Chemist: 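Let me give you the structure first, and then I'll get to my questions.
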Amino acid sequence: MAYEVIRMEFQTELHARWSVFFDHLQVPWAYEPVTFHDDEGSPCTPAFWLPEQRIWFAAEVEAPVWWDRFAMAAEGQDEWLDRGGEEPDWCPPVEVPKKWRGTTLLAEGPFFPTTCRASTRGGA
């Protein structure tokens, strides 16, 4: 029986947990395959690229400030969507070449809750 050992270093434990989840589902993924830059040169690096689905997947405890602008560019949107008067000037546009465009998903928060409460229903 042949085994393939891959050594991968992740930025966070959260990213490592999501990689195991994708592996379990047999969903091919690439970890941080490319870094995009906004108009000011700041890096924007989504955690995962799911090539078969053409999905950028970010798994973060809190959404990165660049996420909305990146999502717009990755999905080929040219104009800022009205978000209740929120202005986009706090985050400059991000350039995403056509070959990297796709759908975007953001999982915000921990992979598992940090605290669990025991149920008091049905007994002691």
Side-chain angles (χ1 to χ4, degrees):
M1 194 183 265
Y3 293 93
E4 182 178 1
V5 176
I6 299 173
R7 187 175 192 285
M8 176 72 63
E9 290 189 27
F10 295 95
Q11 297 293 329
T12 66
E13 181 182 349
L14 181 59
H15 293 173
R17 289 176 180 257
W18 276 104
S19 75
V20 172
F21 176 76
F22 293 138
D23 285 344
H24 180 73
L25 294 178
Q26 298 181 349
V27 172
W29 53 271
Y31 183 65
E32 297 185 342
V34 66
T35 295
F36 303 100
H37 293 87
D38 65 22
D39 282 357
E40 294 177 353
S42 299
C44 307
T45 308
F48 294 96
W49 171 244
L50 310 179
E52 289 183 0
Q53 296 80 14
R54 297 197 59 77
I55 293 175
W56 285 106
F57 182 82
E60 306 299 335
V61 173
E62 187 175 304
V65 295
W66 50 263
W67 179 257
D68 287 336
R69 281 299 188 128
F70 167 77
M72 278 179 30
E75 294 179 9
Q77 297 177 15
D78 294 324
E79 296 188 26
W80 182 256
L81 301 174
D82 182 17
R83 300 197 176 193
E86 182 180 337
E87 292 295 323
D89 59 357
W90 55 271
C91 187
V94 176
E95 179 65 35
V96 177
K98 286 185 180 182
K99 74 176 189 173
W100 288 109
R101 290 194 182 160
T103 303
T104 56
L105 293 173
L106 172 66
E108 191 173 7
F111 194 81
F112 295 110
T114 55
T115 59
C116 295
R117 290 192 311 162
S119 174
T120 57
R121 282 198 235 170

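What you are looking at is a predicted structure, and each value in this text was computed from that prediction instead of being measured. Heads up: numbering here begins at 1 and tracks the sequence.
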Chemist: Under 3.5 Å, is there a donor-acceptor pair between the side chain of Arg54 and the main chain of Arg101?
Modeler: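 At least one qualifying donor-acceptor pair exists.
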Chemist: Among Glu9, Glu32, Glu60, whose side-chain hydrogen bond (donor to acceptor under 3.5 Å, both in side chains) with His15 holds?
Modeler: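 So, applying the side-chain hydrogen bond (donor to acceptor under 3.5 Å, both in side chains) to His15 and each of Glu9, Glu32, Glu60, only Glu60 qualifies.
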Chemist: Does Pro97 reach the side chain of Phe36, with side-chain heavy atoms less than 4.5 Å apart?
Modeler: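 Of all side-chain heavy-atom pairs linking Phe36 with Pro97, at least one is under 4.5 Å.
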Chemist: Please walk me through it: do Trp56 and Val34 pass side-chain contact (heavy atoms from CB on, under 4.5 Å)?
Modeler: CA-CA 11 Å; Trp56 285 106; Val34 66; 3.6 Å; yes
Chemist: At their closest point, which heavy atom of Glu52 faces which heavy atom of Pro28, and how far apart are they?
Modeler: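 Nearest heavy atoms, Glu52 then Pro28: OE2-CG, 3.4 Å.
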Chemist: Establish, from distance only, whether the side-chain atoms of Glu75 and Thr104 form a donor-acceptor pair under 3.5 Å.
Modeler: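 A pair is found: one side chain offers a donor N or O, the other an acceptor, under 3.5 Å apart.
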Chemist: Apply side-chain contact (heavy atoms from CB on, under 4.5 Å) to residues Tyr31 and Gln11 and explain how you reach the verdict.
Modeler: CA-CA 10 Å; Tyr31 183 65; Gln11 297 293 329; 3.2 Å; yes
Chemist: Ring-plane angle category for Phe57 and Phe22, please: parallel below 30°, perpendicular beyond 60°, tilted otherwise.
Modeler: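 Perpendicular, since the angle between the ring planes exceeds 60°.
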Chemist: Let me confirm one number: the OG1-CH2 distance from Thr45 to Trp66, rounded to the nearest 0.5 Å.
Modeler: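 So the gap between those two atoms works out to 6.5 Å.
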Chemist: Over 60° means perpendicular and under 30° means parallel, so classify the ring planes of Trp18 and Phe21, tilted if in between.
Modeler: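 Ring orientation of Phe21 relative to Trp18: perpendicular.
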Chemist: Look at the rings of Phe48 and Trp29 and say which category their plane angle falls in: under 30° parallel, 30 to 60° tilted, over 60° perpendicular.
Modeler: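 Perpendicular, since the angle between the ring planes exceeds 60°.
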Chemist: Where do Thr12 and Phe10 land on the side-chain contact (heavy atoms from CB on, under 4.5 Å) test, with the steps shown first?
Modeler: CA-CA 5 Å; Thr12 66; Phe10 295 95; 5.8 Å; no
Chemist: Please work out whether the ring planes of Trp49 and Trp100 are parallel, tilted or perpendicular, with thresholds of 30° and 60°.
Modeler: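 The arrangement is perpendicular - the two ring planes meet at more than 60°.
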